[in-house]
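Heads up, the thing below is written out as structure tokens.
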Amino acid sequence: MDNKSIAQLLAETADLLEIGAGDPFRIRSYRRAAEAVENSTEQLSSFVNEPSRLLEIPGIGKGMAANIQEIETRGSMKLRDELLITYRPTMLELLKLPGMGPKTVALLWEALQVSDVEQLQAAIDTGKLATLPRFGQKLIEKLQRGIAEYHRNSGRFLLDDAEAAAERVTLYLEQFKGIERVMPAGSLRRGRETVGDLDLLVTGPACAEEAVAAAVEYTAAYPPIAELLAKGQNKVSFRLRSGLQVDVRLLPEASYGAALQYFTGSKMHNVSLRQRALKRGYTLSEYSLARLDDGTVVAAAAEEEIYKALGMDWIPPEIRENQGELEAAAEHRLPRLIEQIDLRGDVHMHTQATDGRNTILEMAEAGIARGYQYIAITDHSKNLAMTNGLDDQRALEHMQRIREVDAQMDGRIRVLTGIEVDILGDGAIDLSNEVLAQMDVVIASVHSLFQQPKEQMTERLLKALENPYVRILGHLTGRLLLRRDAYEIDLTAVLKQAARLGVAVEHNADPNRLDLCDIDLRRAREMGCKIVINTDSHHISSLDMMRYGIRQLRRAWLAKEDVLNTRPVDEFLAGLRPRPLA
DNA sequence: GCCGTTTTCGGCCCGACTGTTTTCAGTCG
């Protein structure tokens, strides 16, 4: 079992213990262990029979090592099984609703025998929920919004999970002689944050018509298959244990490009493209681009040929959403989308001083390993007490240590000083201007803002941006955009203010964001906002999440020149909002 | 349940804020 699955089972156990009002410290141990497992760079399954190596991981003791071994051998553990007899697995889903914590889940179960989202909806509809203590109109409205959101997202899988699954299937398929290319199509290729099911297109000599039967049999024998859904002449559909459906299509090389184009979508992009083909006297299908009059195939083996035959440049999959890309491709004015290699720095990360796992030095070395010319250390400020956030005094001391590490680096990488400050209830920043004035990178974040009355969110954001030392509005595309409707944030006003004041807006590289923000990022650029992309890493391994973020920027049509941290360090700093003169 | 010792058990990130309150429980980060 992979680390992520093990971590998930441990985290679930923690959730169940919490619903059962278990020892809070024991619960925390399970959460810590889950985090440690997920952050581990090594596959635990490879040395699960060497308890001493498991024990080396901080947060894993004797008991947890035994739990992990049990999970590895039989897919679950005793405590979890026992808890699942007492509580329903669907309660874990209930926990995902905003405003819903373990205490409330327990109360719903005791008072109303409500254990899943549908029953909760029923309890709201019949008015039973309102009879419970603490359930006023506002809380119920909040839950109602959460349920709607839940239904929108259920059934889809996160990009990184889908990508990992695709990589494993690909490795398996490529072992078959005569399979030469395996390419994910569909929303995964387009880089969407969530993926409904996985389309894998396979080609090579083994996929030729006369040979394909053996390759189909091999595909259907993929060991992790939980349920074989269909096995046809050149298509195999199955479901993995996670519930993810995978469709594998084995195609002759001659029509591979047409199939790739067709199955990549999006639907609207394809509809428009086919209309365009018709106007020019062609017909486009999943097999080929052919002339309408005599059926002669014009292009089929490669995507590039198809677009070219229609008078267009090849269109990157991330922007195939029928939002102007066809016109731009026909007029040869598609932007050259940003690539990971364009990035020179990551300017939002945490260390052991607050809630990060690594030291300043380790983060710097990790930055060098990823080819960066600069990073910024931006630990939390005091308002985020649970992270051991820095107050003025500690922030200054930390800044001094960052400078020392920077000097130590001897020019191999620049380590910028920084801080991630919180926006308080009145729009003020929780550290003094004297301290902020000394930092290279000041990111204002919205962590606490969501706990405040939604009527004042916009106003408070605007006020926070007025602080002359705030240089980046943090988590714009993380928390802010995704929750803007529920909190009635006037995004246009916020972006306008950021553009006017020269505050850069931050995109967080994170595969675990449901829903899309590409349109809003495009708007941010069009409104003249400077854009930075960061990982907000708390561990060196999460620096690699950048690749997801890059794909999200590509979906927003962003080119290298649209993103501030593609520039050399001096230009980057000069591109940030200028500090007021002392 | 983990850890670090004061080697056998006590400590383990906590503060802001909401919605319901009439003094606070629960959630969030």
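Since the structure is predicted, the reported quantities are computational estimates derived from the model, not experimental observations. Every chain is numbered from 1, with letters handed out A, B, ... down the list of sequences.
- Remark: aromatic rings of A:His348 and A:His475 are close, center separation under 6.0 Å.
- Taking atom NE2 of residue A:His350 and atom P of nucleotide B:dG29, one finds them 14 Å apart after rounding to whole Å.
- Spacing of P atoms, B:dT20 relative to B:dC28, comes out at 15 Å, to the nearest Å.
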Residues A:Leu120, A:Leu108; criterion side-chain contact (heavy atoms from CB on, under 4.5 Å); working and verdict: CA-CA 8 Å; A:Leu120 176 63; A:Leu108 288 174; 3.9 Å; yes
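- For residues 73-86 of chain A, proximity to DNA chain B is found at no residue, defined as any non-hydrogen atom under 4.0 angstrom from a strand atom.
- The stretch residues 107-136 of chain A comes close to DNA chain B through A:Arg134, A:Phe135, A:Gly136, each having a heavy atom under 4.0 Å from the strand.
- Here salt bridge (charged side-chain N to carboxylate O under 4.0 Å, His left out) pairs that include residues 104-125 of chain A, with residues two or more places apart or in two chains, number zero.
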Could you go over nucleotides 10-13 of chain B and give all protein N or O partners under 3.5 Å, atom names and distances?
residue, atom, partner, partner atom, Å
B:dC13, OP1, A:Arg28, NH1, 3.3
B:dC13, N1, A:Met386, O, 3.1
B:dC13, O2, A:Met386, O, 2.4
B:dC13, N3, A:Met386, O, 3.1

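- Every residue was checked against the salt bridge (charged side-chain N to carboxylate O under 4.0 Å, His left out) condition with A:Asp392, not counting sequence neighbours, and none meets it.
- Partner of A:Glu397 under the side chain to side chain donor-acceptor pair (under 3.5 Å) criterion, out of A:Arg394, A:Gln393, A:Gln400, A:Arg401: A:Gln393 alone.
- A:Gln137 comes within contact range of the sugar-phosphate backbone alone, with a heavy-atom separation under 4.0 Å but no base atom that close.
- In terms of the salt bridge (charged side-chain N to carboxylate O under 4.0 Å, His left out) criterion, residue partners of A:Arg414 (sequence neighbours excluded) are, by chain and number, A:Asp406.
- With both ends at atom P, the span from B:dC13 to B:dC2 equals 15 Å, rounded to whole Å.
- Residue A:Lys62 is in sugar-phosphate contact alone, with no base atom involved, counting any heavy-atom pair closer than 4.0 Å across all strands shown.
- Using a 4.0 Å heavy-atom distance criterion, A:Ile60 is classed as a sugar-phosphate-only contact.
- Taking atom P in both B:dG15 and B:dT8, one finds a spacing of 33 Å when rounded to whole Å.
- Taking atom C1' on both B:dG11 and B:dA16, the two are 25 Å apart, rounded to the nearest angstrom.
- Partners of A:Tyr30 according to the ring-ring contact (aromatic ring centres under 6.0 Å, His included) rule, which considers only residues two or more places apart in sequence or in another chain, do not exist here.
- With sequence neighbours left out, the salt bridge (charged side-chain N to carboxylate O under 4.0 Å, His left out) criterion links A:Asp422 to no other residue.
- Side-chain contact, A:Ser45 with A:Glu72: no donor N or O sits under 3.5 Å from an acceptor N or O.
- Per the geometry, CG belonging to A:Leu384 stands 12 Å off P belonging to B:dC17, to the nearest Å.
- Separation of atoms CD1 (A:Ile27) and CD1 (A:Ile19) is listed at 10.0 Å; rounding is to 0.5 Å.
- Comparing B:dG10 with B:dC17, their P atoms sit 37 Å apart, to the nearest whole Å.
- In this structure, CD of A:Glu18 is placed 17 Å from P of B:dA25, rounded to the nearest angstrom.
- Screening residues 21-30 of chain A for salt bridge (charged side-chain N to carboxylate O under 4.0 Å, His left out) gives no qualifying pairs among residues at least two apart or on separate chains.
- Protein atom CD1 of A:Ile27 is 14 Å distant from nucleotide atom P of B:dC2, rounded to whole Å.
- Separation of the C1' atoms belonging to B:dT18 and B:dT23 is 15 Å when rounded to the nearest angstrom.
- The salt bridge (charged side-chain N to carboxylate O under 4.0 Å, His left out) test applied to A:Arg370 returns A:Asp544, not counting sequence neighbours.
- Sorted by first and then second residue, the salt bridge (charged side-chain N to carboxylate O under 4.0 Å, His left out) pairs with a member in residues 354-368 of chain A read A:Glu35-A:Arg357, A:Glu365-A:Arg412; sequence neighbours excluded.
- Using a 3.5 Å distance cut-off with no hydrogens or angles, the side chains of A:Thr354 and A:Asp379 do pair a donor with an acceptor.
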Taking only N/O atoms, report every protein-nucleotides 4-7 of chain B pair under 3.5 Å with atom names and distance.
none

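- Taking the P atom of each, B:dC14 and B:dT21 are spaced 30 Å apart, rounded to whole Å.
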